[in-house]
Structure formats: structure tokens, C-alpha cells
Amino acid sequence: MTTSSTTQQSLLIEGLCVTYRGRVEALKDVSLTLYPGQSLAIAGRSGSGKSTLAACILGLLGPRAVVKGRVVVAGIDVNQATKDELRRLRGRVVGYVGQNPYAAFDPLFRLGFQLEEACVADDVAVADALRLAGLEPTRGLLRSYPHELSGGMLQRAQLAAAILNRPSLLVLDEPTGALDPVSRLALARLIQDLRAKMTLVLITHDIGLAARLAEDIAFLHDGRVVACGKTAQVLAHPGVEEVHALLSAWRRTSGVA
Amino acid sequence: MNALGLEVRGAVTYLQKSPGVPVLRGLDLTVRPGAAHGVVGPSGSGKSTLIRAILGLLRLDAGEITVGDQRVAGLRGASLARMVGLVPQDAAGALDPSKPLWWSLTEGLRIHRMASRARCLEVAASLLCRVGLDEGLMNRLPRELSGGQAQRVCIARALALEVGLILADEPTSALDPYLEAEVMDVLRSAATGATLLLVTHSLSVVATWCDDVTVLSEGQAVETGPVGRVLGAPVHPVTAELVKATKAMWTAEA
């Protein structure tokens, strides 16, 4: 379902409510708009609805979830989309990077095969995507099985897979959660460079990562957006008590005074 | 049981599939009894392998590990289990999904024939209290817990056998900062009276909750000492790089 008013936005979420099993309200009346080239961090505590929001953008909520409201990604209304539209949406319109690098690939197939299989263009696109993700597309790398690569390399490979078909929107769900500080910084820098090429939605409870990568930030608490605005401003003047509490906890665990 | 020290001397172990490359290459580590000791290092530096070796889950090709005054290699699994406890990274995945929490919490006690069923329920209740959870949770199933609760249950389970050494492998990396602080506080106070070896990616967690720290790189301990000294004035380049990357992450736009 395409309307002229929605085609300009990369992502439009209007009055989104999600209820699981008829009783757990994961999202309550969430509205967000993202224009091409924008980068938005979605922060909040565990259980605040962050990952549900990501699942909504990709149309991945199962039959047990009741969804109200609209999610429109590059002109496609996710909740009304046909199977074919959804297939095109995932990977070609929206790229997705999850938290666990080990769960991103099939352990039985070589990395190169898996990337080529997912790619709509040619081998050059695979090599380009790997380079953009900070990996040199050597024969050795392409012939590796997932378990032969470190977590940091796999996470970069996952990023390559996500941008392989040049999506206009990239959704990252805790992309650096499982990485050591050095690989984490390296990945953060790569994502930073991708901002010029695509719209970014970064789901994280790592406020430092959000501050580094996202121009705008929305805090979810208990399924609602409790604060939203320019990242620097929201972090400097949290206003709401929930955001303030999360920021102090983060300062404690991240060792920043 | 009293806090047990840990001594790792020249530990060497090879991965089965690539026999040429040792994962631990002569690793030395001394943990004082009663200390909270952090182990940090890049991915692939041998942190998890070290934990597996201390738990007796893999055989060393050279070197030896001593817990208290006993060599791990010479101990039966059952004896080792009464000295060393583990808090895993994936808490929810470490609890039997089909069993209520009291069952998981006291499984060790039953295996070691240390408690009757009635006694198990009592123990489970007191363990849950020790980690700040309501004892009413003991009849719940793991899937009914939040991430933070599941991790507290795993801490409680590690305490069940009153071990002298608690190993924690990335216990908070799946939690949000708020829960991370909460769970680390619980772990630190629960481990009072025991020694705590904490493997983590996070230098900040080490800085806030540990006394000593050892930095691993490519299967060797490259730097070790009090947290303030090692993180404040790192000597080895690997430590310096970790500290630098951690700081750079928080300081804006470079």
C-alpha cells in the first residue's frame, strides 16, 4: 500500500500498539518518523519494548501478537504487506544486524556461499559489502565456516550481509553487545561511516554507542516513548525520571564519571 | 567453605581441530583467596578456555591448576564441584526449562546427596533470599523470569554447595546497565566469603567491582595487578589498547 505522503519517509510509525497473548502490552501508542539519512537510537531498559519495535519494522511478529497502528517502511505498509512484499522488505529494503554474531549464520555452510546466496547482484557486491564492513574478501575468509571466525569478525560479516543488497534502512539490535572493547570500537566506527549511505535505527541500552552513532534518540519505558529528541540534548537534559535513572546506571557500569 | 585461592601455572592447551595452535600458551594466574579478580582480554584470548580448564572440562597439555591446595587434574568431578561454582553468561539457557526453580537451585545438593527433598525447598528459599529474590519464585519455571532474575537465580545456584571459588563468565553482558549494576552488586555481595573470578569484556565492570585484574592476550597473561594500577597506568600494549578503546567509545566523535 503506497501513498504519496509516506514515500518520502524511510520509516513511519503511527500509533503502534502491540499486545502479546492478549495481556502483555509490549508497545503502547508509539509514533516515530525517520527521513532518509537520519539516524535514530532507541534506548531503554530490558523489557521496555525495544526489540518488539525492531520486529515490527521487519514484519517479524508472530501470530500471537496483536498489532494496531501503522508501520510504513519506504512506502510499504508492513502490517498489510503480502508475503512477496515482506520478502523484498527484509534484506533489500531493510537490513538487520542482531546481537548474537554466532546465530546470524548457518553453521553448516561456508561464509562465502551464504553471502552469495543472499545477494541479488553479483560477487562484486559481496566483495564490496565485506569491504564496507571492514573485512578483506579473501578466498580464505569466503571459504571459512562461521565457527572458524572470531565474534568480532562474524559481527562484521553479519553487517556485510545486512548491507549486501543496499537497503535504504539499517536496523541494528545491540550490534556491539557481545564484543570486546577493541572490536566494539572498530564496529562502531564502521557503522558511523555507513550513516552517509543509509537511514539507521539503532536499538541499544548502551548510551555511549547511541551518543556516538545516532543524531536522534527515543527512550522507551514500559512500551511508551518517554523522551525523544536530538541525542545530545536529551542526554544533557533528560527531564523524565526514567531516563535519568538509566543514565546514572549507565554511568556507573561504563565507568564514566 | 573458606575462600579458596586459585593458582594456574604454565597452562597450555591445544584446540583439537587445529593441533598447531595452542589456545592457552603457558598461562600463569594467581588469585588471592577472598579477592574479586577480573579477567579481561580481546575475543579469542583464551578467557573462556581458562574457565573450562579450571572447571576440569578440558585437559591441559602442560602446566597445572590448583584450587585451594588441590590440583584440579587429580580431583574427581564431584569433589571439584563442591569447591568451584559457575555463573554462566546465558542464565536463562543454563536452567532446565521444564523444572521449577527450586529443583534447579538444589540439583547439586541432590546429586551430592546432601539434602532431602524437604530440606531442598528450605535451601532454595534461603538461596533466593540471599540474591534478593522473593522465595515465592521457587515454584516458577525459568521462562517466567526476566533476564536479571534468571541471572540472580544462577548466582544463587552457584552458592548452593557453599563453594570457595565462584567463576563468572560474562555474567552481565546480556543485561541493560541498570540490571548490570544490580546483578553485579548481588554477585559481589553473594561472593563474600568466597573468591570470585570474573571474566568480562567490560573494563568498567572490572573497575567498579573487582580488586585485581589480569589481562589475557593470545593465551597468556600479559599484565596483572590491582585494578587501579593496571587500568590507570597500563604497561602492556594490549592493556593500553583495551583502555584506549574503552575511553574512545565514550568520548564522542573520533
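Note that the coordinates shown come from a computational prediction; the quantities given were computed from them, not determined experimentally.
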Which region of [X], side chain (C-beta onward) or backbone (N, CA, C, O), has a non-hydrogen atom less than 4.5 Å from a non-hydrogen atom of chain B, or is it both or neither?
X        : result
A:Gln99  : side chain
A:Leu179 : backbone
A:Ala245 : both

For [X], look at atom [atom1] and say whether over 12 heavy atoms of other residues, nucleotides or ligands are found less than 6.0 Å away.
X        : atom1 : answer
A:Lys28  : NZ    : yes
A:Lys230 : NZ    : yes
B:Glu144 : CD    : yes
B:Tyr178 : OH    : no

Quiz prompt | Contacting moiety of B:Asp90, where chain A heavy atoms sit under 4.5 Å | solution =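 Looking at B:Asp90, nothing touches chain A.
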Quiz prompt | Which atoms of B:Ser146 approach chain A - backbone, side chain, both or neither, heavy atom under 4.5 Å | solution =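 Neither part; nothing is under 4.5 Å.
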Quiz prompt | Approximate separation, where rounding is to 0.5 Å, of A:Asp180 CG and B:Glu241 CD | solution =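 If we round to the nearest 0.5 Å, A:Asp180:CG and B:Glu241:CD are 9.0 Å apart.
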Quiz item: At what distance, to the nearest 0.5 angstrom, does NE2 of A:His205 lie from CG of B:Leu179?
Solution: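 Rounded to the nearest 0.5 Å, the NE2-CG separation comes out at 9.0 Å.
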Quiz item: Taking B:Ser202, B:Pro42, B:Ser45 one by one, which has the highest count of heavy-atom pairs under 4.5 Å against chain A?
Solution: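 Option with the greatest count: B:Pro42.
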Practice problem: For A:Arg184 and B:His201, indicate whether the former's side chain and the latter's backbone hold a donor-acceptor pair under 3.5 Å. | Solution: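 No: the side chain of A:Arg184 does not pair with the backbone of B:His201.
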Exercise. Quick one: closest heavy-atom pair of A:Pro181 and B:Thr246, and the distance?
Key: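 Looks like CB-OG1, 3.5 Å.
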